[in-house]
Amino acid sequence: LMVLDLHVEPKKGMAKLQHTFAKVVRDPENYIFNEEDQALAFPNVPAISMSPHHTDPGFVAFFCAVHKRNVGDWEQDTDIDVSDVFPMPLRLACVTQGTVKGKVTASCSKIEGFIVFQELVLL
């Protein structure tokens with residue numbers, strides 16, 4: 001698991017970050033990476049803009065990998081791939097002053113912080 005706070009230009013800087021986690025993991029062929037998801041906003045970079053209108057070059061990236069021995073073929077298509085492990089895309093939720101302990105809200109007024117998360121499906 002690797003979380004990065006990024007300040008890059010989306011079009012130029014993101015290309016350099018493609019496959020970041022796969023480049024530093026020993027034996028990457030034995031892992032499923034969330035950066036392989038074809039639905040990512042930036043190809044092979046699991047990152048979300050920290051600006052509601054994408055006007056700031058600030059992003060948070062959430063790189064995650066799961067060893068294939070911990071994964072099942074949940075789609076039953078005889079191919080273990082990224083959608084078997086990461087069924088939902090990376091998401092960002094905000095924590096506000098009015099947040100009750102442990103709950104997040106879709107309303108991002110009076111923001112105190114953010115939570116980046118992604119569901120995993122493991123054996």
Is any side-chain heavy atom of [Y] closer than 4.5 Å to one of [X]?
X	Y	value
Phe63	Thr20	yes
Leu90	Val116	yes
Cys64	Phe33	no

**Study point:** side chain to side chain contact (heavy atoms under 4.5 Å, CB included) assessment of Leu92 paired with Val60
**Key:** CA-CA 9 Å; Leu92 188 68; Val60 62; 4.2 Å; yes
Check your understanding: Do other residues, nucleotides or ligands put more than 12 heavy atoms under 6.0 Å from the CD atom of Gln38?
Key -> no
Review point. How about Lys23: does its NZ atom have over 12 heavy atoms from other parts shown lying under 6.0 Å from it?
Key: yes
Say you draw a straight line from [atom1] of [X] to [atom2] of [Y]; how long is it, rounded to the nearest 0.5 Å?
X	Y	atom1	atom2	result
Glu35	Phe42	CD	CZ	14.5 Å
Asp84	Lys68	CG	NZ	11.0 Å
Asp37	Asp81	CG	CG	9.5 Å

Review point. Backbone N or O of Asp79 within a donor-acceptor pair of the Asp77 side chain at under 3.5 Å?
Key: yes
Practice item. For the pair Asp27 (side chain) and Asn30 (backbone), establish whether a donor and an acceptor sit closer than 3.5 Å, ignoring hydrogens and angles. Key: no
**Study point:** Closest non-hydrogen atom pair, Ala22 against Pro28
**Key:** O-CB, 3.6 Å
Exercise for review: Under the ring-ring contact (aromatic ring centres under 6.0 Å, His included) rule, collect the residues that match up with His67, sequence neighbours excluded.
Suggested key: Tyr31
Check your understanding: Do the charged groups of Glu119 and Arg91 touch, with an N to O distance under 4.0 Å?
Key -> yes
Review point. In the hydrophobic clustering that connects Ile, Leu, Val, Met, Phe, Trp and Tyr at side-chain heavy-atom distances below 4.5 Å, which members other than Val85 occupy its cluster, ordered by chain and number?
Key: Ile32, Val66, Val71, Ile80, Val82, Phe86, Leu120, Leu122
Point to revise | Evaluation steps, side chain to side chain donor-acceptor pair (under 3.5 Å), between Asn34 and Gln118 | key: CA-CA 9 Å; Asn34 69 340; Gln118 186 170 29; 2.9 Å; yes
